[in-house]
Peer 1: 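Dropping the structure in here first, questions after.
In this chain, residues are counted from 1 in sequence order.
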Amino acid sequence: MAGGKGAEVRLINAGVSGDTTAGGAARIDWTLADGPDALIVALGGNDLLRGLAPSESRANLTRILEVAEANAVPVLLVGIQAPGNYGADFKAEFDAIFPDLARDYDTLLHADSLAGIRAATGDDIQAAAQYLQEDGIHPNAEGVALNVAAIGPKVLELIELAKQ
């Protein structure tokens with residue numbers, strides 16, 4: 001696929017709709033079996049929806065990053081911010097997972113998978129609704145476009161790392 005920034009890449013989506021970090025950890029060996037040049041890890045949203053303990057999410061993401069590191073595959077870790085409805089302690093523990101792991105495993109980090117929508121709307125929940133599907137959780141096509149534009153520079157960095 002030719003990217004808008006001149007990057008010529010082939011992207012294979014190994015994601016599974018509704019998946020949690022546990023599913024990603026269970027599939028990581030299979031995901032890396034064909035020797036991809038790089039890996040984008042964008043998991044955790046469904047962990048949040050299910051109220052899974054942040055320690056479980058951290059352990060699963062750690063497994064994924066350990067396997068990627070053992071296979072010398074550069075990683076872009078895409079974070080997600082916990083909502084406040086689970087309490088301040090849960091939010092603080094969950095929100096720390098992504099920057100901590102990116103630092104510990106020397107991966108690239110895009111801190112917020114919804115950064116494009118947040119940039120367009122701030123914390124205005126009503127304004128954000130125009131970029132979400134009817135479930136009020138998942139981005140619609142316009143929201144996806146905003147989020148893709150926001151993550152684009154980090155993806156280009158990942159492509160450069162993969163060339164080395």
Side-chain angles (χ1 to χ4, degrees), residues 1-49 52 54-83 91-120 131-132 137-164:
M1 154 174 102
K5 300 293 183 183
E8 188 72 30
V9 300
R10 182 171 68 107
L11 179 66
I12 299 168
N13 182 356
V16 174
S17 182
D19 210 3
T20 63
T21 58
R27 286 193 320 280
I28 190 59
D29 293 313
W30 169 84
T31 300
L32 298 181
D34 289 334
D37 297 323
L39 178 67
I40 299 173
V41 179
L43 292 166
N46 288 313
D47 292 32
L48 284 172
L49 289 175
L52 298 179
S55 59
E56 289 181 45
S57 301
R58 181 183 289 270
N60 293 326
L61 291 167
T62 296
R63 161 106 171 95
I64 292 167
L65 295 174
E66 286 174 348
V67 173
E69 182 177 72
N71 285 274
V73 175
V75 174
L76 169 56
L77 184 60
V78 180
I80 188 163
Q81 304 295 307
K91 179 169 177 44
E93 186 179 353
F94 190 91
D95 289 355
I97 293 170
F98 299 94
D100 288 354
L101 290 178
R103 182 192 62 243
D104 293 349
Y105 289 89
D106 195 27
T107 71
L108 293 173
L109 174 65
H110 180 69
D112 184 4
S113 64
L114 299 174
I117 292 173
R118 287 190 212 287
Y131 300 112
L132 300 175
I137 297 171
H138 297 92
N140 61 23
E142 290 178 77
V144 168
L146 290 172
N147 292 333
V148 167
I151 195 174
K154 286 292 182 182
V155 172
L156 291 173
E157 283 184 55
L158 181 65
I159 292 167
E160 288 304 312
L161 282 175
K163 290 179 182 178
Q164 298 177 4

Peer 1: If you take all heavy atoms of A72 and P74, which pair is closest and at what distance?
Peer 2: O-CD, 3.6 Å
Peer 1: Quick one: CG on L49 to CD1 on I137, what's the gap to the nearest 0.5 Å?
Peer 2: 5.0 Å
Peer 1: Using side-chain contact (heavy atoms from CB on, under 4.5 Å) as the criterion, list what pairs up with Q81, not counting sequence neighbours.
Peer 2: K91, D95, D112, R118
Peer 1: Could you give the distance from NZ (K154) to CD1 (I40), rounded to the nearest 0.5 Å?
Peer 2: 12.5 Å
Peer 1: Any side-chain heavy-atom pair from V75 and I64 closer than 4.5 angstrom?
Peer 2: no
Peer 1: Not counting sequence neighbours, which residues clear side-chain contact (heavy atoms from CB on, under 4.5 Å) with R63? List them please.
Peer 2: A25, I28, D29, V67
Peer 1: What residues, two or more places apart in sequence or in another chain, satisfy side chain to side chain donor-acceptor pair (under 3.5 Å) together with N46?
Peer 2: none
Peer 1: Could you pull out the closest heavy-atom pair between S55 and E93, with the gap in Å?
Peer 2: N-OE2, 3.7 Å
Peer 1: What are the two closest heavy atoms between G44 and F94, and how far apart are they?
Peer 2: O-CZ, 3.8 Å
Peer 1: Name the atoms and distances for all side-chain donor-acceptor pairs under 3.5 Å in residues 157-164, with sequence neighbours left out.
Peer 2:
from, atom 1, to, atom 2, distance (Å)
E160, OE2, K163, NZ, 3.2

Peer 1: Once side-chain contact (heavy atoms from CB on, under 4.5 Å) is applied, do any residues pair with A14, and if so which ones, sequence neighbours excluded?
Peer 2: W30, T31
Peer 1: Got a list of side-chain donor-acceptor pairs under 3.5 Å for residues 97-109, not counting sequence neighbours?
Peer 2:
from, atom 1, to, atom 2, distance (Å)
D100, OD2, R58, NH2, 3.0
Y105, OH, E66, OE2, 3.3

Peer 1: Using side chain to side chain donor-acceptor pair (under 3.5 Å) as the criterion, list what pairs up with S57, not counting sequence neighbours.
Peer 2: D47
Peer 1: Taking side chain as C-beta onward, heavy atoms only, is V78 less than 4.5 Å from I151?
Peer 2: yes
Peer 1: I'd like to check the salt bridge (charged side-chain N to carboxylate O under 4.0 Å, His left out) partners of D19; sequence neighbours left out, ordered by chain and number.
Peer 2: R27
Peer 1: Identify each donor-acceptor pair in which a side-chain atom of residues 138-147 lies under 3.5 Å from a protein atom, sequence neighbours left out, and give them as a table.
Peer 2:
from, atom 1, to, atom 2, distance (Å)
H138, ND1, D135, OD2, 2.5
N140, OD1, E142, N, 3.0
N140, OD1, G143, N, 2.9
N140, ND2, Q130, O, 2.9
N147, OD1, G116, N, 3.1
N147, OD1, I117, N, 3.1
N147, ND2, G143, O, 3.3

